Each structure stands twice: as structure tokens, then as C-alpha cells.
Amino acid sequence: MNESNEFGFPIKKARESLEKAVNEVLGSLGCTGAVTLEKPPREMGDLALPCFTLAKTMRKNPALIAKDIETKLADHRFSDLQKFFELEAKGPYLNFTLRTDYLIANVLSSILRKGANYGTFPLRNEFVILEHTSANPNGPFHVGRARNPIIGDTLARILRKLGFTVEVQYWVNDMGRQAATLSWGKDNIPDSSVAPMDPDNPFKDKNDHRLVRFYQEAHRRIENDEKLAGEIDRILYEIEDGNDEIKQNVRANSIKVLEGMKESLSRLNINFDKFVWESATVEDGTVTEVIDILKRSEYAHQDQEAWYLELEEFGISGRSTRFYFTRGDGTSLYTTRDLAYHLSKLRQCDRAVNILGEDHKLQANQLKIALGLLGSKVLPESIFYSFVSLAEGKMSTRKAQVVYLDDLIHESLQRAYEEVARRRPMLDSEQKKRIGLEVGLGSIRYNIIRVQADKRIVFRWEEALNFEGDSSPFLQYAHARCCGILDKANYQNYETPSADDVEKMAGDDFVMGIHDNERNLIRILADFPDRIEVAGLGYRPHFIPKYLQDLASAFNNFYQSCPVISGTDENIKRFRLGLVECTRIVLAEGLDLLGITAPESM
RNA sequence: GGGCCCGUGGCCUAGCCUGGAUAAGGCGCCAGCCUUCUAAGCUGGAUUUCAGGGGUUCGAAUCCCCUCGGGUCCGCCA
């Protein structure tokens, strides 16, 4: 067993060896500075060194330089490198192709040895608090904001795989006007005065769907009634003043709605480690602490009696550069409580990551500046996403222009079931239901996470419920195919090879005759750890679905061109079974990063 | 008025941070592949002024500037 197996990152090792060798050669040619290796078009190899920039300093044709370097690298001093790569100068490029025997001996054996832990990084001893969703508990989720929990949960899974210790938090607003409005509505509006619940509504028993009607009705009444608005203000004042009874009552109503919301997310495999209540920041004195410290800041000023920070010097521009942190009566604002929450969060963790809608960009920036003034060493990092909108425009609950997440889930499951029934009519209904569930739920997460966060998504049913091509079932199907082959092999008493077996095979003759599609599949399997790292550290979770798409596609090509069980040569059969097992492992692990199940049959 | 984000074949998306070899996938369209490990699959084909213009560079979808189109924000609200 060699070093790379121990860590399971064979490509990284090969790459480092290459960079070292290339740097040495360039140094001998009088060129210093870090070289950049890039990924060439597939037919050209696995890594490439473009020689244009060298041409300038060396005053020589780049094609000749490429040739030169190739010759130098062929020297016996670089025998280590030659174990990893085959070299070829092609025009102004020097291309490096990973040796197939190296790939087999290191990639496949790593995967077989580590199983589901392939691609798992060593623990980093870094504690991350990741906050996502934190939607006001006043009604059911609509898909306009569904990206938040999906991006957040996916990223949490990726960061954990990267060795971070992650705590996922939901910050619950129980001191705001929305919470008070909901609570007032529930306590003062009789059932008969709210919109009746459609008896066919599949969610008529969910608290978020039931209680939102009281919130909406209360909201409607407040708009035409100043006195009522004052009553809501009074509730808010009482809460901050420490009136326990009112606070508990508001919180109790929020909790009911929150239960319904949690249920929706939990169906999508999304759960939280901790719910932090906004009112707790007042109770534990952090809010007072924040206000006291900020008042002493050189950027603090007063407008009448209210305190604010003047942030123009920090590059904030626009109509108002003031960041208020108290009201005229000295009470806190939402932003103050948010600051307090972040301050205590940052005292506990090494990294704080927030998933926020793009409408929070300015606010997040102001928050960061204020936290700096509060003396926080660690500052929160934010990932912003654009909204999911409808073709008709923005989603709005009031204009009844809205698709609820529960509706989407419901519809997706129904459509998925119909698809299963159409494609696999022979299955029993229990099986159809199970597959429909896996496909239906997977599709929702997949279709949201596949798009980079800052790009707007226009919601269209036909796209959201697409089960072919760039979709979750495409990945799940490839996984099911792997399982099908392995099952059948097992039934026929063929064992998948062990890591040691595979290492031995790397020396065999048949490696020379390996099919392009086999080699390509191995190459992609090798990339998994790198892709997780880039997706996680760069906070770009959409890289994972892209990768899995490439992987599944490469597997399908392999499947089409390389018979496994029906093959005749025993060695090849064994080797391919190993390859299928490796693909199965990585697909399952990748799907898990996306919170999507990997069906064994479908 | 001022920020920030997005604009890639008919439609949707990746690539942009870190500039390189014919712009990569999917949907849809056309032509094929199920007596052989599940056709939610595979093979081949057609379709692109990478929003427009200028600049930097040996080289620009990628970097810089301007324009246009779309999103979003600028409350003693949350």
C-alpha cells in the first residue's frame, strides 16, 4: 500500500509530483515562478502545460519549448513522475496523461478500501456554525425561498465530508411584527372569519397551512385599522419589556407553525441541530451588551434619541448610510438582535456561514462592519441566492401567486409515481410507491441545487418535474444499474475484487487493452475528492450535481460498450465488477451529499 | 440618484474567480439502437455575433470601461 492510498487522494499526489518536476525543469531553463497546469480537452490528456508565457521570457517558439521540457522530463531523475504520467508535446502544449496502471492500482483500490469514506477528508478540528432558512414562522414555505434550505443543507453535508464539524442552526424570529400578528390573529379571530380550508387540500391538517389563514386575515385587518396596529406594537413592547406571559404565547403560536415547516423540510431530508430564538438574545443580555459597546464607537451618532452607526466610510453608499441599532425609546431593533445572535455565535465557532436571499446583501454587509466594531475576530461569510420566481413574476402569498413547497412535493411524488407505473408496470404497488418517493423527492432537491446560487430560477412545472437527462433520476438510475449488475453477479457467485486484487490486476496485460470508456470512468472516479473540496471550500455546492452527471454519463457509456457479467474473459469480468462497485460507491456517496437517496432498483 | 447580481444554440444550464488547443451538457428537433447486465439508457445529425460596443493581450465567454435588458437593495420594519 502506498501513501496515496492512505489518504485516498491519488490525483493530488500525482499532480504534486508533476508540479515539482516541472518547476525544477523550468528553473534549470531559467524560468522561475509558479507554473499553472490546466485541464485540457479530454482527448489531449489529464493535465497540460501551455508554453506561451514561457515563449516571451525565453524568446523561443512555444512548440520548441514544449518539446524541450518533454525531453528534460524524460530524464531518469524524474522516474517518480514517469510512474504517474505519460508525456506528449503537442504544438505549444505539453500534455500529461495519467497512466492507466497507476489509475487502476490507486484509484480503484482506494475506493474499494475506503468504501463510503472515499472522498472523506481527515478531521480539521474546525467548528462551523451554518445558519440557513431562518424563515419567519408565519406560514408554509413557498418555493420562492426553497433554495435556502436546499443550498444550506447540501453545503452542510459537503463541509462535513471535508472534515469540518458543522452545527446547523435556524434563527427563529419570535419578536417581530409578523410573529405578533400571527399570535394576535390566532387569539382574536374566530375560525369562522378566516378563509375556509378546502376539504380536498392535502395539507389541511398541517399547522403552517392552517394558521397562515389567521395571519393573513389579521394582516388584512391591520391594514385598515390603525388602532389594531397599535395593539400589535403593544405586544412587541411587552415582549421586550420582559412580559413573560405574552412572550410565551407568541412563541407558542410560532412553534406550532414552525412544526409544520419543519415537517416539510424533513421530507426533503433537511434537519437542524439547533433552533435559536430571537428573544433569547434579549434575555441573556447580549443585546444590551451590543448596544453599550456600539454607543462608544467613534462611528456612533444620535438622531433625536435613536442611535445609529454612520457607515459611509466603510464603503456603504445609497440613500441612507445609517445603520440604526436602537429606537428613540432605547429598545432594540431586529438588526440589533441579529447582531447579538451573531456575536454569540462567533464567540463559539471558527467559521460562521449564512445562507441568505440576495435581498439581504446590504444588511449582511452592514452586519459584518458592525461585528468588526464589536471586536469580533471571525466574521460571518454569506452565500446569497436569487429567488425562484414564476413566469408571471414574483411569488406573492397575498396575490395568491404562489407555489407552496408542500404543493411541489405533493405534485412531484404524484408525477413520479405515474412515471414509475408507466415504465415499470410489472412492479407491485409497494415498489412503485417506494421508487416514486425516491425519485420525486430527489428531483426537487436536484433541480434547485444544480443551478449556481446567484442565478435566478424561473419556476416551471415541466422543468421541476423533469425525470430525464440532467436530473436526479438519471443519477439514481445509474446507481440502480450498478446494483442490478452486482446483484446478478452475486447470484452467480462472482465476487467483486478486493483492493489488493485490483492492485495486482494493474500489472496484467489486459490493462493495455482497456476500453476508452473504462479508462474515462476511472478518471472521473478519481476526481471525486477534488471536486468535493472545490465545491465545499468555494461554497459552490452546484459543482456536485455537475460532477455526478459526468460520472453517471461515463458509467452509462461504459455500460453500453463493456459487458460485465455477460463477458467471457474471467479477468475482465472481475475487473469490471470492481469498476461497477466503485461507481456504485461514489454515486451513492455523491447523492448523499445532495440529500438524495440512492435506490437499489427502479 | 447610488450599490450589488444575472444575460451562453429555439428553451434550460456548466464554464467566468485563477485568460489558452474545435464554447461543454440537458430539453426540444431529425436519423438510428431493446432475442445480449433495467431504453429514466446509448449512438449519429442540425442549430451559437458567449446581450451589444470599446479596450488590455501572442490569445477574451473568461480581465477592464461604457451601453442595453432583467433581478435585488438603500425604514427609529422584520
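These figures come from a predicted structure and were not determined experimentally.
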Residue [X], side-chain heavy atoms: nucleotide from [options] that is nearest:
X: A/S317; options: B/U38, B/G3, B/U22; value: B/G3
X: A/S320; options: B/G3, B/A21, B/G75; value: B/G75
X: A/L362; options: B/C42, B/C73, B/A40; value: B/C73
X: A/F474; options: B/G41, B/U43, B/A14; value: B/G41
X: A/Y559; options: B/A21, B/U38, B/C42; value: B/U38
X: A/Y477; options: B/U38, B/A14, B/G41; value: B/U38
X: A/P563; options: B/C37, B/A40, B/A78; value: B/C37

Salt bridge check: are [X] and [Y] linked by an N-O gap of less than 4.0 Å?
X: A/E411; Y: A/R415; result: no
X: A/D359; Y: A/R145; result: yes
X: A/K12; Y: A/E533; result: yes
X: A/E231; Y: A/R234; result: no

Base, sugar-phosphate, or nothing: which does [X] touch, judged by heavy atoms less than 4.0 Å apart?
X: A/S443; result: nothing
X: A/A478; result: nothing
X: A/S601; result: base
X: A/D174; result: nothing
X: A/C482; result: nothing
X: A/E312; result: nothing
X: A/A55; result: nothing
X: A/G328; result: base
X: A/N365; result: nothing
X: A/P92; result: nothing
X: A/V580; result: nothing
X: A/L333; result: sugar-phosphate
X: A/G469; result: sugar-phosphate
X: A/V451; result: sugar-phosphate

Watson-Crick/G-U partner (both atom distances under 3.5 Å) of [N]:
N: B/G1; answer: B/C74
N: B/C42; answer: B/G32
N: B/G19; answer: none
N: B/A14; answer: none
N: B/G7; answer: B/C68

Below the 4.0 Å mark, does [N] have OP1 or OP2 next to a side-chain nitrogen or oxygen of [X]?
X: A/R540; N: B/A14; value: no
X: A/R327; N: B/A78; value: yes
X: A/N173; N: B/C77; value: no
X: A/R322; N: B/C74; value: no
X: A/H542; N: B/G15; value: yes
X: A/Y334; N: B/A78; value: no

Just how far, in rounded Å, is [atom2] of [N] from [atom1] of [X]?
X: A/F459; N: B/U13; atom1: CZ; atom2: P; answer: 14 Å
X: A/F384; N: B/C17; atom1: CZ; atom2: P; answer: 21 Å
X: A/L311; N: B/G75; atom1: CG; atom2: P; answer: 12 Å
X: A/D550; N: B/G15; atom1: CG; atom2: P; answer: 12 Å
X: A/N466; N: B/C12; atom1: CG; atom2: C1'; answer: 10 Å
X: A/L47; N: B/A21; atom1: CG; atom2: C1'; answer: 15 Å
X: A/E468; N: B/A40; atom1: CD; atom2: C1'; answer: 6 Å
X: A/R424; N: B/G41; atom1: CZ; atom2: P; answer: 11 Å

How about [atom1] on [X], more than 12 heavy atoms from neighbouring residues, nucleotides or ligands closer than 6.0 Å, or not?
X: A/E313; atom1: CD; result: no
X: A/E430; atom1: CD; result: no
X: A/Q302; atom1: CD; result: yes

Worked check of side-chain contact (heavy atoms from CB on, under 4.5 Å) between A/R147 and A/S386: CA-CA 9 Å; A/R147 295 179 95 170; A/S386 296; 4.1 Å; yes

Inter-nucleotide [atom1] distance ([N], [M]), Å rounded:
N: B/G9; M: B/C29; atom1: C1'; result: 12 Å
N: B/U38; M: B/G44; atom1: P; result: 23 Å
N: B/A60; M: B/C17; atom1: P; result: 14 Å
N: B/C76; M: B/G70; atom1: C1'; result: 34 Å

task: Name the residue closer to the 5' end of RNA chain B, choosing between A/E419 and A/K394 according to the nucleotide with the nearest heavy atom.
output: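 Comparing both residues, the 5'-ward one is A/E419.
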
field: Which residue lies more 5' along RNA chain B, comparing A/D470 with A/I457 via nearest heavy atoms
entry: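 It is A/I457, whose closest nucleotide lies nearer the 5' terminus.
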
message: Between A/V420 and A/M602, is there a side-chain heavy-atom distance shorter than 4.5 Å?
response: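 No, every pair of side-chain atoms sits at 4.5 Å or beyond.
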
Donor-acceptor pair present, [X] side chain and [N] base, under 3.5 Å:
X: A/Q363; N: B/A78; result: yes
X: A/N556; N: B/A40; result: no
X: A/R319; N: B/C74; result: yes
X: A/R423; N: B/U38; result: no

task: Decide, for B/C6, between syn and anti: a glycosidic angle within 90° of 0 counts as syn, anything else as anti.
output: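 Anti for B/C6; the angle lies over 90° from 0.
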
message: For a quick test of reading the model, state the closest non-hydrogen atom pair linking A/N447 to A/I457 and the distance between them.
response: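 Scanning both residues, the minimum pair turns out to be O-CD1, 4.5 Å.
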
query: Would the A/F467 and A/F474 ring centres measure less than 6.0 Å apart?
result: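 Judged by ring-centre distance (under 6.0 Å), A/F467 and A/F474 do not meet the cut-off.
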
message: Checking A/Y324 against A/R322: is there a side-chain donor and acceptor pair closer than 3.5 Å?
response: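 Note: A/R322 and A/Y324 side chains meet the donor-acceptor criterion.
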
Contact pattern, 5' to 3', of nucleotides 5-11 of chain B - B, S or - by protein heavy atom under 4.0 Å: SSSB---

